[in-house]
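This report concerns only the one structure given below.
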Amino acid sequence: MTARESLVRLCVLYPDLLGTYGDGGNATVLAQRLAWRGIGVDLVSVESGESVPDSCDLYLVGGGEDGPQTQAARGLAASGALHRAVDAGAVVFAVCAGMQILGERFPDRHGIDQPGLGLLDCITMRVDRPRAVGELLTYDATVTGSGGEVTSLGTLTGFENHGGRTVPGPSATALGRVEIGEGNGDGSEGVVNGRVLGTYLHGPALARNPLLADALLRWVLQVDTLSELDDTDVEALRQTRIAAARQHELAPRRTWRDRLRGS
Ligand code: GLN
């Protein structure tokens, strides 16, 4: 591996607004996978109201509730730092509300469309269906490397909890296809434009899916391969969760309102 000389700078954006679902763990996973490989890491967390740096290599945006996600979108639009960073080649990993605000528009807590950051070609809307809550499994997940090579990520596993559904636009690629759960809501899961990647997978997603974590790191380090890590324990845990999801052991309990609606 030919890692870059400098530190990898990771930035967790607005964990005070977008920290509801444990997605902060994604930064811990990336930092540890870099450290295990002897690559230096600088991990910063930027709360709402603080100045956003535009010089980081990878930005993480987590999930959150409808009100705080509108606030986060406004803060990031006003700052402009994330746009400057993406223009300069930064990688962005965004989960659920994070993905929704990176798109062209998303609904606020009153269901009114709000402008997104336009870094992902997708729109998010309310639909007349219950929230998507439960385990989420995908197949055919791939990412494209800097040289155009396509890498399979195998089965992606996580959980989802969202009211909005997302429609990828013509310039976007879906991250994968849904086996169990809802994902974007049209059979696809996640949205990718260049090195900006959004997903509905919580978990944290990168703890449950080390291949996805390493795909992001390859983008950041601009390498085709990374040294192997021993992921035996993670793989055992993954297989347990995948099997449980397929047997619907983890299916969410429906509310009485859902039952009466026949959903
Ligand atoms: N508030 C958004 C929705 O419900 C996103 C939720 C989340 O980040 N899990 O659609």
Side-chain angles (χ1 to χ4, degrees), residues 12-27 45 47-48 59-77 82 92-117 119-120 122-138 156-168 172 174-176 178 180-192 196-209 212 245 250-255 257-258 263:
V12 180
L13 285 172
Y14 297 169
D16 53 326
L17 297 176
L18 301 172
T20 321
Y21 298 88
D23 300 315
N26 289 318
S45 265
E47 304 229 326
S48 56
Y59 293 79
L60 297 116
V61 200
E65 289 149 1
D66 295 351
Q69 87 179 68
T70 305
Q71 206 185 323
R74 288 190 184 140
L76 292 172
L82 189 60
V92 183
F93 180 63
V95 180
C96 202
M99 169 169 76
Q100 295 178 356
I101 66 172
L102 258 57
E104 298 294 337
R105 63 169 205 257
F106 66 91
D108 67 13
R109 65 195 176 93
H110 305 294
I112 297 167
D113 282 342
Q114 296 294 326
L117 299 170
L119 294 171
L120 284 174
C122 63
I123 56 168
T124 297
M125 56 184 79
R126 286 256 174 100
V127 289
D128 188 21
R129 292 214 301 273
R131 280 184 83 79
V133 182
E135 290 292 302
L136 175 57
L137 284 190
T138 76
L156 296 180
T157 156
F159 71 89
E160 60 185 336
N161 184 347
H162 52 103
R165 303 297 195 279
T166 296
V167 182
L175 174 62
V178 173
I180 290 170
E182 287 228 15
N184 294 338
D186 64 353
S188 70
E189 186 342 79
V191 181
V192 187
V196 180
L197 190 153
T199 177
Y200 274 112
L201 289 162
H202 297 289
L206 302 184
R208 285 218 203 175
N209 302 287
L212 180 56
L250 305 168
R253 277 179 299 181
R254 289 186 182 165
T255 64
R257 199 175 56 163
D258 293 342
S263 61

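All residue numbers in this chain count up from 1 along the given sequence. Note that ligands are numbered from 1 as they come in the structure, with each ligand's atoms numbered from 1 the same way. Every heavy atom of this structure was used, including side-chain atoms; hydrogens, water molecules and symmetry mates were not.
- Within the listing of ligand 1, atoms 8 (O) sit less than 4.0 angstrom from a heavy atom of Gly63.
- Atoms CG and OH, from Leu119 and Tyr59 in turn, are 11.5 Å apart once rounded to the nearest 0.5 Å.
- With hydrogens left out, the protein atom closest to atom 4 (O) of ligand 1 is Gly163 N, 2.9 Å, a heavy atom.
- In summary, the atoms of ligand 1 found under 4.0 Å from a heavy atom of Asn161, numbered by their order in the structure, are 6 (C), 7 (C), 9 (N).
- Summarising the geometry, atom CE belonging to Met125 is positioned 5.5 Å from atom CZ belonging to Arg105; distances are rounded to the nearest 0.5 Å.
- Given atom 7 (C) of ligand 1, the protein heavy atom at minimum distance is Cys96 SG, 2.8 Å.
- Atom numbering of ligand 1 starts at 1 in the shown order; those under 4.0 Å from a heavy atom of Gly164 are 3 (C), 10 (O).
- In terms of N/O distances under 3.5 Å, ligand 1 is not approached by His162.
- Taken from CD in Glu47 to CG in Leu18, the straight-line distance is 11.0 Å, to the nearest 0.5 Å.
- In summary, the side chains of Tyr200 and Gln100 do present a donor paired with an acceptor at a separation below 3.5 Å, with no hydrogens or angles considered.
- Judged purely by atom type and a 3.5 angstrom limit, Asp16 uses its side chain to pair as donor or acceptor with the backbone of Ser48.
- Interface of Arg131 with ligand 1, defined as ligand atoms under 4.0 Å from a residue heavy atom, comprises 4 (O).
- Using the six-membered ring where Trp is involved, Tyr21 and Phe159 have ring planes that are tilted, between 30° and 60° apart.
- The protein non-hydrogen atom at the shortest distance from atom 2 (C) of ligand 1 is Gln69 OE1, 3.1 Å.
- For Arg126, the CZ atom sits in a packed shell: over 12 heavy atoms of surrounding residues, nucleotides or ligands are nearer than 6.0 Å.
- The salt bridge (Lys or Arg N to Asp or Glu O under 4.0 Å) search around Glu182 returns Arg129, Arg165, not counting sequence neighbours.
- For ligand 1, the atoms lying closer than 4.0 Å to a non-hydrogen atom of Asp66 are 1 (N), 2 (C), 3 (C), 4 (O).
- The residue from Ala97, Gly67, Gly64, Pro107 that puts a heavy atom closest to atom 6 (C) of ligand 1 is Gly64.
- In this structure, Glu160 falls outside the shell of residues with a heavy atom less than 4.0 angstrom from ligand 1.
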